[in-house]
Amino acid sequence: MLWIDLQHLGSVRGCSITELSDRSVEMTGEVIGEFSRLYEQQYAVALFNKVRFDIEGGGGPQPQLLHRKVPLENRSIFSGALFQFLEENNKWRNHFIFVPDCYTINYYDNKASHERGLHPKGNINCAGYKVLTSMDQYLELLNNSLPGVKAKVGNAPFLKCATQFPLILWHPYARHYYFCVVTEKEQQKWHAVFQDCVRHANDGLSEESQVQTPAFTDAVRLYRQAHGQYGTWEMMCGIPSQILANLVMETLLPELRDLISPRLKGKMHDRQRNWMLVCDAVYGLVVRQAQAQYEAVVQSCEAQRPPLEASIRTDMDQIITSKEHVANKIKAVVLPKAEKLLTVSIQPYISSILEALMEPTSRGFSQVRDVFFRELVDLSKNTLNDATKEKVGEHMDKISMLAFHPVKMQSCYEKVEDLSLDGLQQRFDVSSPSVFVQRAQILMREQMDDAVYTFEQILHQSLEDQGPEGLCKNIQRCQDRVIKKFDYDSSTVRKRFFREALLQIFIPYMLKQLTPSLSPELPRFQELIFEDFSRFILVENIFEEVVLHSVMKDIMMAVKEAAVQRRHNLYRDSIVLTSSDPNLHLLGDNPAIDWAGEYGTGQEEVDRVETGDSTGGAAQRRRRMKQVVSMIQLDGSPILESHLDIPMVDSIPEEGVDQPEEGVDQDTDALSSPESVHQEPAKVNGTSLKGKRKAPPPPVQPENIPSPALTNGSVLEGEPATILSEAPEIQTKISEDLPQEAECAMKSPEAKSFLHDPESTASAIESAIREIDNAVQGEDSEPAVEITVLEAVAEVSPSSQDSVPFTKKEESLKPIQQEALAPTAFSQEESTPSSLAEIILINSKLFCCCTNIIYQY
């Protein structure tokens, strides 16, 4: 992130640089110092718990689904172009945005800079941010950030968006980022991508670190409790250095307001903007200092780990016995008061809070199941049409990243966003339900990826063993196996989530109520602990464990009763699937499956063996990196060039969006569609009739009506454009064979040069029309009509030796040429037209033939 220089801020705002920097450094040192003491204590306790767990093992049901070790290998999430507001020059610029597998938002000047491997112009770690889609939301949060400096209702904001669809990244301490797009559909997609970046960045603490992560979270919690702050904390998000910086800013921000607010001068919007710059500068300074001090304390603890672990393994039995002895003593003092509090203030609310958690969470997991099932149904349908391994590989390459597709997963995430704890947040000191919402969404994504990965492994094994025979049946069998495993794991994960959420709500409340009366009695229990074991047994931790066990029984009972009711598709605790598929876990050790490379057309193999210099190879890898979310090229979106415009991005179509077949032009389909006919002609004797043909009026091209666009990107102007816009579409019967003389005429060398002359093209059309009019007036002129029209068609038809892009269009024009040149039904029976309707039919067919050929080119 681009941090604002404090020296520059001080000179501009008239603030004392020494006051800002010294107070920030002093406060950071105080907070991190106290945290470090708690961390060292909790590190030894966490190490003991980890070693004990390794020796004794853990209970509970085992997951049925496989877990992917490296989910986003050689993948990127999203890329595209956005307006971005630059505060350095107060202008909107179009930037290329690239979101890699680490979910950091990188922005470049253009796409070429990214492909050349240049460093991004900036990057955004989204931890702690909120994604806003309107200026009203942003101004409301901005007004609350600095008391006394609020915008009046109706005042214009200091920032004017370039379009109607903004995307704003808001943070209580760090720099804000402003983006906007040109359509609502793009806004929805980018909003989903940014939300996924925030969700991933907030979950910054690794669960794989079984010592550092528990020690860190317990130290932060104990620090806040020591300062009277119980309950959930919304800013417990990001990596450790960011969380510690948030912890410092929570104390430093009020002092900063008192110091800076009186010195802010200028208009209201200028003061708000200057306040944001000051906060961003101070926050950047605090993050850097917190990171350095945290790394130092972690390094110190890790250095002490080997002797501590050896001592734990040697005295494990004595440590456990001593801990149980102290716990029994503390229970005798704590349990009477805890049970009384539990009966009066906790038990009446357990069922209502559990229901508030279960309803949206279960709907979200159910939606995950439905999305996964629909993708497998689409796979089966495609296999019915083309039962080949290549088709399966193509579809499975898309399904493999389904869990990390924020747009497709958005419907699942939205279900759980309805979670509300209205009326209970203040009572139990729950700052916001967003803590539980994001946790549930992360679990949903993990379950989706586990289901997809398990299906991949089972299907891949089936394809290797049986081949393409009976492919649909194999897919169905694999689908049924995975769905059953998903239902079981989903029930297990949700029940664990409900228990943890209830504990997060009730335990802080109980500790807040019990600590004032019990904390004076706790130090005397420290005397019961041997000095050699004092680093692994802490009285404060035992006190919290006693409180936790006192309420855990009621929580377990409430979740069990909910499972018995079967309202939310939860399995009973008595249903345990053990060794239901004993050989499945062996597949989890297999490497990731490259569906496109293994079952594709072979292009991926060519890419893999492609070599070159280091810089070129890295650029090639970046270009070949597969993107989870594709960009939609919206119809009618302008391709913009100026500094206020967003250039469109060359990208693949979105999955699930209907696209024209390769080699077939959309404009051709539009011409042949029923909607393109302006008026349905009346019918006489089964033949379309519009009356006598009149001479076309002088061409008029209104300014507000664009000329028809050709399929090659050019635009017809003048008389040809008018003729094409007025030409009716008439359905005709297509003949089987094209006369050889017509085909030779169309391959004439004059046709190729003639196509590039618009005036000659228009003249050819008018000449053909005049010959048709003259032909139908005489009884003996029919052969002349055929010859003249043949020449006209040959003049406006491309040569077969023309450039490659015209080859497929020639094929699409053959039926039209065949219809125009083949003998009509009436010419085979009679030598002259017998009715006005038949004459007009001939005119219409020949006229439509000419105009369609010109329109195609």
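Heads up: numbering here begins at 1 and tracks the sequence.
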| query | Would you say Asn106 and Val99 make side-chain contact, with heavy atoms under 4.5 Å? | reply | no
| request: Determine the sole option in Phe194, Trp190, Phe98 for which the side-chain contact (heavy atoms from CB on, under 4.5 Å) test with Phe78 is passed. | output: Trp190
| message | Taking the side chain as everything from C-beta on, heavy atoms only, tell me whether Phe436 gets closer than 4.5 Å to Thr361. | response | no
| Matching residue for Lys415 among Met444, Arg363, Gln441 - test: side-chain contact (heavy atoms from CB on, under 4.5 Å) | Arg363
| message | So, taking the atom named NZ in Lys189 and the one named CG in Leu167, what distance separates them when rounded to the nearest 0.5 Å? | response | 13.5 Å
| field | Side chain proximity check, Ile105 to Tyr129, heavy atoms < 4.5 angstrom | value | no
| query | With no hydrogens and no angle check, is any side-chain donor or acceptor of Thr163 less than 3.5 Å from a backbone partner on Val181? | reply | yes
| field | Whether Tyr108 and Phe96 hold their rings parallel, tilted or perpendicular, with breakpoints at 30° and 60° | value | tilted
| field | Interatomic spacing from OG in Ser76 to OH in Tyr103 - rounded to 0.5 Å | value | 10.5 Å
| message | Go through it in stages, so that I can follow the logic: the residues are Leu459 and Val392, the test is side-chain contact (heavy atoms from CB on, under 4.5 Å), and I'd like the CA-CA distance, side-chain angles, deciding distance and then a yes or no. | response | CA-CA 10 Å; Leu459 180 61; Val392 174; 4.1 Å; yes
| message | Which heavy atom of Ala192 sits nearest to which heavy atom of Pro406, and what is that distance? | response | O-CB, 3.5 Å
| field | Distance-only donor-acceptor check, side chains Gln447 and Ser490, under 3.5 Å | value | no
| message | For a quick test of reading the model, state the closest non-hydrogen atom pair linking Cys472 to Ser380 and the distance between them. | response | SG-O, 4.2 Å
| message | A side-chain contact here means heavy atoms from C-beta on lying under 4.5 Å apart; do Phe179 and His95 qualify? | response | no
| task | Decide yes or no on side-chain contact (heavy atoms from CB on, under 4.5 Å) for Leu379 and Phe455, but give the supporting numbers first. | result | CA-CA 12 Å; Leu379 173 63; Phe455 180 79; 3.9 Å; yes
| query | Is the closest side-chain heavy-atom distance between Asp418 and Glu359 below 4.5 Å? | reply | no
| request: Would you kindly say whether Ser362 and Arg494 are connected by a side-chain donor-acceptor distance under 3.5 Å? | output: yes
| said: To the closest 0.5 Å, what do you measure between CD (Gln195) and OG1 (Thr133)? | reply: 9.0 Å
| query | Under 3.5 Å, side chain of Asp489 to main-chain N/O of Leu65, donor-acceptor pair present? | reply | yes
| Taking everything shown except Gln164 itself, do over 12 heavy atoms lie less than 6.0 Å from its CD? | no
| said: Taking the side chain as everything from C-beta on, heavy atoms only, tell me whether Leu570 gets closer than 4.5 Å to Met358. | reply: yes
| Test log, rule side-chain contact (heavy atoms from CB on, under 4.5 Å), inputs Arg374 and Val371 | CA-CA 5 Å; Arg374 285 198 299 268; Val371 171; 3.4 Å; yes
| task | Taking all heavy atoms of Pro360 and all of Ala356, pick out the closest pair and write down the distance. | result | CD-O, 3.1 Å
| Donor-acceptor contact present, side-chain Thr454 to main-chain Leu66, <3.5 Å | yes
| Test item: Ser491 side-chain N/O and Asp487 main-chain N/O as donor-acceptor pair under 3.5 Å | no
| request: Might you work through the salt bridge (charged side-chain N to carboxylate O under 4.0 Å, His left out) test for Asp480 and Arg477, ending with a clear yes or no? | output: CA-CA 5 Å; Asp480 294 341; Arg477 283 194 295 266; over 6 Å; no
| Is any side-chain heavy atom of Arg496 closer than 4.5 Å to a side-chain heavy atom of Arg499? | yes
| field | Interatomic spacing from CD in Gln410 to CD in Gln188 - rounded to 0.5 Å | value | 9.0 Å
| query | In Å and rounded to the nearest 0.5 Å, what is the CD to OG distance from Glu417 to Ser434? | reply | 10.5 Å
| note | Between the CG atom in Asp449 and the CZ atom in Arg68, the distance rounded to the nearest 0.5 Å is 4.5 Å
| message | In the structure I gave you, are the side-chain heavy atoms of Val368 and Phe486 within less than 4.5 Å of one another anywhere? | response | yes
| note | Scanning both residues in full, the closest heavy-atom pair of Leu402 with Lys408 reads CD1-CD, 3.7 Å
| said: Please check: side-chain N/O of Gln187 versus main-chain N/O of Pro166, any donor-acceptor pairing under 3.5 Å? | reply: yes
| request: May I have the step-by-step check of side-chain contact (heavy atoms from CB on, under 4.5 Å) for Asp196 and Arg445, ending in yes or no? | output: CA-CA 10 Å; Asp196 221 27; Arg445 184 177 66 187; 3.9 Å; yes
| Residue pair Cys478 / Ser462: nearest heavy atoms and the distance that separates them | SG-CB, 4.4 Å
| said: Looking at every heavy atom in both Ala127 and Asn202, which two are closest together, and how far apart are they? | reply: CA-OD1, 3.3 Å
